[in-house]
Amino acid sequence: QVQLVESGGGLVQPGGSLRLSCAASGSIFSFDRMGWYRQAPGKQRNLVASILSDGATNYAESVKGRFTISRDNAKNTVYLQMNSLKPEDTAVYYCSADRSRWSSSGRLWGQGTQVTVSS
């Protein structure tokens, strides 16, 4: 089975930056859609950003202009560059992989990485 492992989380001050990585044990080329989701305590898991095999990206309005999702197929890794971080960005961030952009059936999830934005 393909596994996803997130890394790069940590504690950062407001206005700071972090770069999250999602490393796959298999080829991410096999996945049509890769995404980043986040979940704060007691809240629903929500989409942060996604990227399709053709490079098209989608962002939550709250992170648009601050976050950038990218993928490196050769390294089997998806990234989330987070700039101008705000306290409300604090959450556990999860990487996801979908075989088709039209279906979340069989979606794979990473274990999550904690991001805390605080002074």
Side-chain angles (χ1 to χ4, degrees):
Q1 272 189 332
V2 174
Q3 290 186 303
L4 307 175
V5 180
E6 300 98 332
S7 62
L11 175 64
V12 64
Q13 294 184 346
S17 298
L18 282 175
R19 188 196 195 197
L20 305 184
S21 298
C22 172
S25 61
S27 176
I28 62 171
F29 183 77
S30 300
F31 297 96
D32 185 49
R33 177 183 182 274
M34 302 293 296
W36 285 97
Y37 292 74
R38 66 187 181 187
Q39 186 169 26
K43 294 187 176 181
Q44 193 75 33
R45 185 175 300 186
N46 296 125
L47 175 71
V48 176
S50 64
I51 185 166
L52 304 180
S53 57
D54 60 9
T57 57
N58 184 51
Y59 297 93
E61 188 66 30
S62 59
V63 308
K64 196 169 297 182
R66 300 188 296 120
F67 291 11
T68 302
I69 187 171
S70 61
R71 62 194 295 172
D72 187 333
N73 292 333
K75 295 181 178 180
N76 296 320
T77 302
V78 178
Y79 304 96
L80 184 68
Q81 179 66 47
M82 305 185 294
N83 300 324
S84 302
L85 283 161
K86 305 174 180 179
E88 50 262 46
D89 295 319
T90 296
V92 177
Y93 284 69
Y94 298 90
C95 178
S96 70
D98 296 302
R99 296 176 184 85
S100 170
R101 68 190 69 182
W102 309 114
S103 176
S104 62
S105 178
R107 173 176 289 170
L108 301 179
W109 293 99
Q111 85 289 346
T113 185
Q114 177 71 47
V115 172
T116 302
V117 184
S118 176
S119 59

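Contact record, L80 with A49: CD1-CB, 4.2 Å, taken as the closest heavy-atom pair. Nearest approach of S62 to R38, heavy atoms of both residues: OG-NH2, 3.5 Å. Residues R99 and S105 come closest through the heavy atom pair NH1-O, 4.2 Å. I28 and N76 get closest at one heavy-atom pair: N-OD1, 3.4 Å. Minimum interatomic distance between I51 and S70 (heavy atoms only, all atoms of both residues): CD1-CA, 4.0 Å. The two atoms that bring E6 and C95 nearest to each other are OE2-N, 2.6 Å, heavy atoms only.
Residue pairs meeting the ring-ring contact (aromatic ring centres under 6.0 Å, His included) criterion with at least one partner in residues 99-119, sequence neighbours excluded, are Y37-W109. A salt bridge (Lys or Arg N to Asp or Glu O under 4.0 Å) check over residues 23-34, counting only residues at least two apart or in different chains, returns the pairs D32-R101, R33-D98. Within the structure, ring-ring contact (aromatic ring centres under 6.0 Å, His included) contacts touching residues 69-100 (residues at least two apart or in different chains) do not occur. Among residues at least two apart or in separate chains, salt bridge (Lys or Arg N to Asp or Glu O under 4.0 Å) pairs with a member in residues 55-64 are E61-K64. Pairs engaging residues 31-64 under the disulfide (SG to SG under 2.5 Å) rule: none recorded [sequence neighbours left out]. Residues in residues 72-86 take part in no salt bridge (Lys or Arg N to Asp or Glu O under 4.0 Å) pair, two or more places apart or across chains.
Grouping Ile, Leu, Val, Met, Phe, Trp and Tyr residues whose side-chain heavy atoms lie under 4.5 Å apart, directly or via other members, leaves L52 alone, with no other cluster members.
The distance from the OG atom of S7 to the CD atom of Q111 is 8.5 Å, given to the nearest 0.5 Å. Taking CG of N73 as the reference point, atom CZ of F31 lies at 11.5 Å (rounded to 0.5 Å).
In this view, S84 and R66 satisfy the side chain to side chain contact (heavy atoms under 4.5 Å, CB included) rule, not counting sequence neighbours. Residues passing the ring-ring contact (aromatic ring centres under 6.0 Å, His included) test with Y59, sequence neighbours excluded: none. T116 meets the side chain to side chain donor-acceptor pair (under 3.5 Å) test with Q114; sequence neighbours excluded.
A heavy-atom distance below 4.5 Å is not found between the side chains of V117 and M82.
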List the atom pairs, donor and acceptor, that lie under 3.5 Å between side-chain atoms in residues 8-25 and the rest of the protein, sequence neighbours left out.
{"from": "S17", "atom 1": "OG", "to": "N83", "atom 2": "OD1", "distance (Å)": "2.9"}
{"from": "S25", "atom 1": "OG", "to": "Q3", "atom 2": "N", "distance (Å)": "2.8"}

### Working for side-chain contact (heavy atoms from CB on, under 4.5 Å), residues S96 and W36
CA-CA 6 Å; S96 70; W36 285 97; over 6 Å; no

